[in-house]
Amino acid sequence: MNLTNINTIKGLFARHGFSFTKSLGQNFLINPSVCPKIVPTRKGLHAFEIGAGVGVLTRELAKVCEKVICVEIDESLKPILAETLADCPNVEMIWGDVLKLDLKRLFAERFPENAEAVCCANLPYYITSPVIMRLLEERLPLESITVMVQKEAAVRLCAPPGTRDCGAVSVAVRYYAEPRKLFDVPRGSFMPAPNVDSAVIRLTVNSVTRLGAHGERRADVEDEQFFFRIVRAAFSQRRKQLVNPLSTELGLQKEEIKNALSAVGVEPTARAENLTLENYISLYSRLI
Ligand code: SAM
């Protein structure tokens, strides 16, 4: 069954009385060249997918992966997926909202201990950042996260801290992973076509931030909540010099912030986007 063929998809929709729910970010891939470039090249991995749609990526994952766990919120896709995934016994569908499920438990119950797992998804764009941050913050045992996102989001998520496109989410991503943009995907690759272009990015998760065999954490940031409060505070007024947003948001004296900045070698006139991840970590060490 060719799930990138428009007539095949239309036939499925007609047979099962399905219609798109725009608010769920339902733009299904119809460009046959995209999925093969998202799936892992290494065989035998365990895969976690978010949002099956009609199962176009799910089927590709099933071909190369040992097992595929896929979370889908829209139960009206059930009869369609029962048909399109009928010959994929290594796929398990979980029906629910990826932001509400207990993912740690799901991974522990569904994947064998120490399984080599990756996340691959064409993400619903309305929850791109919350999903990515959840996967990273929960330290799920994922080696990499390969996701299709809106092109502008790709730029932001992959921007190195210390560059103009960087935002709080770029610093957070770098804290946990090494991001890389893989390729662009034009809007015509989807049905229905969205109003924006997309890109596929891959976040290679740092081994010490994964809850791996030893469950290590980064040694340099003990209080991650406070670390990310500093990052969010800095970007809360990204055009202002850092001293102002940091003192307002953290409730600290400007003098104290200035001293901390100078101690870590950052100009008092610097703005949030000028600091590297290492600068943020040093600043955290001075302010904690
Ligand atoms: N993977 C398919 C493809 O590439 O054609 C579908 C991708 S479509 C962009 C996003 C999918 O995510 C839709 O099937 C949608 O129903 C599902 N979805 C939306 N919100 C979700 C949520 N909170 N939890 C799980 N799935 C969700």
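Ligands are counted one by one from 1 in listed order, and the atoms in each one are counted from 1 as well.
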[Y]/[X] salt bridge by N-O under 4.0 Å criterion:
{"X": "E249", "Y": "R232", "result": "no"}
{"X": "R139", "Y": "E224", "result": "yes"}
{"X": "E143", "Y": "R42", "result": "yes"}
{"X": "R156", "Y": "D165", "result": "no"}
{"X": "E178", "Y": "R202", "result": "no"}

Worksheet item: In terms of hydrophobic clusters joined by side-chain contacts under 4.5 Å, are F48 and L29 together?
Response: no
Counting only heavy atoms, which portion of [X] has something under 4.0 Å from ligand 1: side chain, backbone, both, or neither?
{"X": "F190", "value": "neither"}
{"X": "N27", "value": "backbone"}
{"X": "A52", "value": "backbone"}
{"X": "T21", "value": "neither"}

Starting from [atom], locate the nearest protein heavy atom and write down its residue, its atom name and how far away it is, to 0.1 Å.
{"atom": "atom 4 (O) of ligand 1", "answer": "N122 ND2, 2.9 Å"}
{"atom": "atom 19 (C) of ligand 1", "answer": "L24 O, 3.1 Å"}
{"atom": "atom 27 (C) of ligand 1", "answer": "I73 CG2, 3.5 Å"}
{"atom": "atom 16 (O) of ligand 1", "answer": "E72 OE2, 2.6 Å"}
{"atom": "atom 5 (O) of ligand 1", "answer": "L29 N, 2.9 Å"}
{"atom": "atom 11 (C) of ligand 1", "answer": "G51 CA, 3.5 Å"}
{"atom": "atom 23 (N) of ligand 1", "answer": "D97 OD1, 2.9 Å"}
{"atom": "atom 20 (N) of ligand 1", "answer": "Y126 OH, 2.7 Å"}

Which atom names give the shortest non-hydrogen contact between [X] and [Y], and what distance separates them?
{"X": "R187", "Y": "V196", "value": "CB-O, 3.3 Å"}
{"X": "C119", "Y": "L135", "value": "SG-CD1, 3.8 Å"}
{"X": "V64", "Y": "P40", "value": "CG2-O, 3.9 Å"}
{"X": "P268", "Y": "V243", "value": "O-CG2, 3.6 Å"}

Discussion item. I'd like to check R180 versus T204 (side-chain heavy atoms, cut-off strictly below 4.5 Å). Are they in contact?
Written reply: no
Contact between ligand 1 and [X] is defined here as a heavy atom of the residue under 4.0 Å from a ligand atom; is it met?
{"X": "Y125", "value": "no"}
{"X": "A121", "value": "no"}
{"X": "E49", "value": "yes"}

Worksheet item: Is the F228 ring parallel, tilted or perpendicular to the Y175 ring (thresholds 30°, 60°)?
Response: perpendicular
Atoms of ligand 1, numbered as shown, that sit under 4.0 Å from any heavy atom of [X]:
{"X": "V56", "value": "3 (C), 4 (O), 5 (O)"}
{"X": "Q26", "value": "13 (C), 15 (C), 16 (O)"}
{"X": "G96", "value": "24 (N), 25 (C)"}
{"X": "F28", "value": "5 (O), 6 (C), 14 (O)"}

Polar atom proximity, [X] to ligand 1 (N or O, under 3.5 Å):
{"X": "G25", "answer": "no"}
{"X": "V98", "answer": "yes"}
{"X": "D74", "answer": "no"}
{"X": "L57", "answer": "no"}
{"X": "I127", "answer": "no"}

Fill in: Check: F13 ring centre within less than 6.0 Å of F20 ring centre
yes
Practice prompt. Measure from NZ or CZ of K67 to the centre of the six-membered ring of F111, then state whether that distance is under 6.0 Å and the direction lies within 45° of the axis.
Written response: no
